[in-house]
Student: 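The structure follows.
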Amino acid sequence: MNYLGIITGIGTFLIIGLLHPVVIKSEYYFGTKVWPLFLVSGITFIGLSLFLAHIAASCVSAVMGFSLLWSIGELFEQEKRVEKGWFPSNPRKKDKK
């Protein structure tokens, strides 16, 4: 049996589940100014996936990298959701961008 698909699927599910609250908390505490961190992290994971010998680890690393890149857009969308009142804003956050 080949478990690569199942491993990749579980990894993807966990990564999406992890990054959803990370984006929300990042916007709450830091605003959208942390997007370069998501960019560098995403590129790093994508680059790492090119050098990993184990196929499952390479797949999950690539999924993490592209999910981090997707999170940049979600970070800016989260800012809009906060402005609409769908999520609470941080009253102590000084600089929104």
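None of the values given here were measured: they were computed from a predicted structure.
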Student: For Ser58 versus Ser49, what's the shortest heavy-atom pair and its separation?
Tutor: OG-O, 2.6 Å

Student: Rounded to the nearest 0.5 Å, what's the gap from CD1 on Ile15 to OG on Ser67? Could you check?
Tutor: 5.5 Å

Student: If you take all heavy atoms of Thr8 and Cys59, which pair is closest and at what distance?
Tutor: OG1-CB, 3.7 Å

Student: When you look at CD1 of Ile6, are more than 12 heavy atoms from neighbouring residues, nucleotides or ligands closer to it than 6.0 Å?
Tutor: no

Student: Taking side chain as C-beta onward, heavy atoms only, is Arg92 less than 4.5 Å from Asn90?
Tutor: yes

Student: Taking atom OH of Tyr29 as the centre, does the number of heavy atoms from other residues, nucleotides or ligands within less than 6.0 Å exceed 12?
Tutor: no

Student: Using the rule that Ile, Leu, Val, Met, Phe, Trp and Tyr join whenever any side-chain heavy atoms are under 4.5 Å apart, tell me whether Phe45 and Leu39 fall into a single cluster.
Tutor: yes

Student: Among the clusters formed by ILVMFWY side chains lying less than 4.5 Å apart, do Phe76 and Leu69 turn up in the same one?
Tutor: yes

Student: Roughly how far, to the nearest 0.5 Å, is the CD1 atom of Ile46 from the OG atom of Ser41?
Tutor: 11.0 Å

Student: Which value, rounded to the nearest 0.5 Å, describes the distance between Ser61 atom OG and Phe66 atom CZ?
Tutor: 10.0 Å

Student: As an exercise, state the distance from CZ of Phe38 to CD1 of Ile72, rounded to the nearest 0.5 Å.
Tutor: 8.0 Å

Student: Taking the side chain as C-beta and beyond, is there a heavy-atom pair between Leu75 and Ser26 under 4.5 Å?
Tutor: yes

Student: Looking at Val82 and Ser89, what are the two nearest heavy atoms and their distance?
Tutor: CG1-CB, 3.5 Å

Student: Is there a path from Leu4 to Met64 through hydrophobic residues (I, L, V, M, F, W, Y) whose side chains come within less than 4.5 Å of each other?
Tutor: no

Student: Same cluster or not: are Val40 and Trp35 linked, directly or through other Ile, Leu, Val, Met, Phe, Trp or Tyr residues, by side-chain heavy atoms under 4.5 angstrom apart?
Tutor: no

Student: Rounded at 0.5 Å granularity, tell me how far CD in Gln78 sits from CH2 in Trp86.
Tutor: 10.5 Å

Student: If hydrophobic clusters are built from ILVMFWY residues whose side chains come within less than 4.5 Å, do Val60 and Ile10 share one?
Tutor: no

Student: Would you say the side chain of Leu14 lies within less than 4.5 Å of the side chain of Leu18, judging by non-hydrogen atoms?
Tutor: no

Student: Just how far is it from atom CG of Leu19 to atom CD1 of Ile24, taken to the nearest 0.5 Å?
Tutor: 11.0 Å

Student: Might you point out which heavy atoms bring Tyr28 and Pro91 nearest each other, and give the distance in Å?
Tutor: OH-CD, 4.1 Å

Student: CD1 of Ile55: more than 12 outside heavy atoms within 6.0 angstrom?
Tutor: no

Student: Do any pairs count as a salt bridge (Lys or Arg N to Asp or Glu O under 4.0 Å) and have a residue in residues 55-78, sequence neighbours left out, and if so which ones?
Tutor: Glu74-Arg81, Glu77-Lys80

Student: Applying side-chain contact (heavy atoms from CB on, under 4.5 Å), run through Val23 and Glu27 and close with a yes or a no.
Tutor: CA-CA 6 Å; Val23 167; Glu27 194 286 325; 5.6 Å; no

